[in-house]
Amino acid sequence: MVNTPVSNDDLQPLSQAYFEKAKKWWWWSVICKLFAFIIGFISTLIVIFPAWTAFIITIIEMVSEILLWRSDAIKDTAEELRRKLDTRDSFGWQISKAELSDLLIKTPDNLRKLAPQETQGEDYFASKTSLGAKKAVENIQESAWWSKHLSERMFNYCLVISLSILTIALGTLLFCIQAINSSNTLISIGRIVTSTLMLVFTLGLYRRVIGYYEFSHRASKIEATIEALDKQNISESDAIKIMHEYQLARSSSPLIPSFIWRQMRRKLNLMWTKYRQQQTP
């Protein structure tokens, strides 16, 4: 049971802490996959415990999938809380005591320590509009704008890493085919190149390239839809529809690592305050 009471003001950092925890589990899953790749890579060069290599790699891969499953489960909790906070901060719909108690029962007392220190004490949304449909679309517009740029940056990173691995692996293979005559050496190099190419799929880089691109594209479309609205006359049902569309896109997207957010946070805050927030007094 949770002994420390949590007020509504503490729910924002709690939501971010859940996301941070999900990212930590995801990073451990990636480390396990890299470790399995390194073992397989070494085994193609040096024959060490050949009978055990496949077994060890299988165990590590299983652990990696368990860690990934754990990350996804925590992310679902974080997204659920984030959705409730979105509606609270937009329409004033308070989170019920029943919902809050169910959440806090499974929340460790020290989880909030994972929340980024930079966010302590600051508002999640910049809009100062009174609660209602107009504030809801302004909040979603701001969030979609951030997501568009953050996921685009992560898409670029994953794309560059994937193409670099593919280029190096295929370039090495083509060079060795022309320069090396020994069939045994070529077979070993072929195994190494194949293992390296599989790294793109093992780490899920291809899936993440697609995932980040799609999220950036969908966030951009939602932002453009809101730009075209008459915010003074928007109905609550239309605002809820747009909010749900964005929340579905966000929940199905890959996690964005915290270092991307830290890289862009100051500049995005400045650009939004200087050029975009003025449009929504």
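This one's a predicted model, so the numbers in the text were calculated from it and none came from an experiment.
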Audit row: S71, K23, side chain to side chain contact (heavy atoms under 4.5 Å, CB included) steps and yes/no: CA-CA 7 Å; S71 172; K23 293 172 188 178; over 6 Å; no
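- Atoms CH2 and CG, from W25 and L255 in turn, are 14.0 Å apart once rounded to the nearest 0.5 Å.
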T107 and Y18: CA distance, side-chain angles, deciding distance, side chain to side chain donor-acceptor pair (under 3.5 Å) verdict: CA-CA 9 Å; T107 300; Y18 264 111; 2.6 Å; yes
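- Not one N or O on the side chain of S15 forms a donor-acceptor pair closer than 3.5 Å with the backbone of L11.
- Ring pair F91/W93 is parallel by interplanar angle, where below 30° counts as parallel and above 60° as perpendicular.
- Residues L150 and M154 form no side-chain contact, since every pair of their non-hydrogen atoms from C-beta on lies 4.5 Å or further apart.
- The one candidate from V137, N139, D89 that meets the side chain to side chain contact (heavy atoms under 4.5 Å, CB included) condition with S127 is N139.
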Salt bridge (Lys or Arg N to Asp or Glu O under 4.0 Å) between E214 and R218, worked out: CA-CA 6 Å; E214 289 182 347; R218 292 173 70 179; 5.8 Å; no
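- Between the NZ atom in K148 and the OG atom in S216 there is a gap of 7.5 Å [rounded to 0.5 Å].
- Counting heavy atoms from C-beta on, the side chains of P257 and W26 come closer than 4.5 Å.
- Side chains of V209 and S162 form a contact here, defined as non-hydrogen atoms less than 4.5 Å apart.
- Rounding to the nearest 0.5 Å places CG of L85 at 9.5 Å from CD of Q16.
- L103 places a side-chain heavy atom less than 4.5 Å from the side chain of T77.
- In this structure, R265 CZ and L270 CG are separated by 12.0 Å, a value rounded to the nearest 0.5 Å.
- Not a single donor-acceptor pair under 3.5 Å links the side chain of S64 to the backbone N or O of I60.
- Hydrophobic clustering (ILVMFWY, side-chain heavy atoms < 4.5 Å, transitive): L248 and I222 are in distinct clusters.
- The backbone N or O of K241 sits nowhere less than 3.5 Å from a side-chain atom of Y246 that would complete a donor-acceptor pair.
- Distance check, rounded to the nearest 0.5 Å: CD1 of I210 to CG of L205 gives 12.0 Å.
- Contact check on E20 versus K24 returns no salt bridge, with no Lys/Arg side-chain nitrogen under 4.0 Å from an Asp/Glu carboxylate oxygen.
- Annotation: cation-pi pair R207/Y212 absent, no NZ/CZ under 6.0 Å from the ring centroid and within 45° of its normal.
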Worked verdict on T129 versus E138 for side chain to side chain donor-acceptor pair (under 3.5 Å): CA-CA 8 Å; T129 305; E138 288 177 358; 2.7 Å; yes
Stepwise side chain to side chain contact (heavy atoms under 4.5 Å, CB included) test for I260 and Y157: CA-CA 10 Å; I260 296 293; Y157 281 172; 3.3 Å; yes
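- For the residue pair S101 and A98, the shortest heavy atom distance occurs at OG-O, 2.8 Å.
- Using a 4.5 Å heavy-atom threshold, the side chains of L81 and I95 count as touching.
- Note on V63: it clusters hydrophobically with I31, by side-chain heavy-atom contacts below 4.5 Å among ILVMFWY residues.
- Side-chain atoms of V30 and L67, non-hydrogen and from C-beta on, never get closer than 4.5 Å to each other.
- E99 places none of its side-chain heavy atoms less than 4.5 Å from the side chain of Q94.
- Using a 4.0 Å cut-off between charged side-chain N and carboxylate O, E80 and K75 make no salt bridge.
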Worked verdict on K33 versus E65 for salt bridge (Lys or Arg N to Asp or Glu O under 4.0 Å): CA-CA 9 Å; K33 289 182 181 296; E65 290 302 317; 2.9 Å; yes
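- Under the 3.5 Å distance criterion, the side-chain polar atoms of S90 are left unmatched by any main-chain donor or acceptor of T87.
- Between W27 and F259, the ring-plane angle classifies as tilted under the 30° and 60° cut-offs.
- Interatomic distance, S147 OG to I256 CD1, rounded to the nearest 0.5 Å: 5.5 Å.
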Intermediate values then yes/no, side chain to side chain contact (heavy atoms under 4.5 Å, CB included), F35 and I39: CA-CA 6 Å; F35 190 47; I39 292 176; 3.9 Å; yes
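- Under the 4.5 Å side-chain contact rule for hydrophobic residues, I168 and V160 do not share a cluster.
- W28 and W69 are assigned to two separate hydrophobic clusters, defined by single-linkage of ILVMFWY side chains at heavy-atom distances under 4.5 Å.
- By the 4.5 Å heavy-atom criterion applied to side chains, R250 and R82 are counted as neighbours.
- Within a 6.0 Å sphere centred on OH of Y213, other residues, nucleotides and ligands contribute 12 heavy atoms or fewer.
- Of the residues Q141, E142, H149, the one that meets the side chain to side chain donor-acceptor pair (under 3.5 Å) test with W145 is H149.
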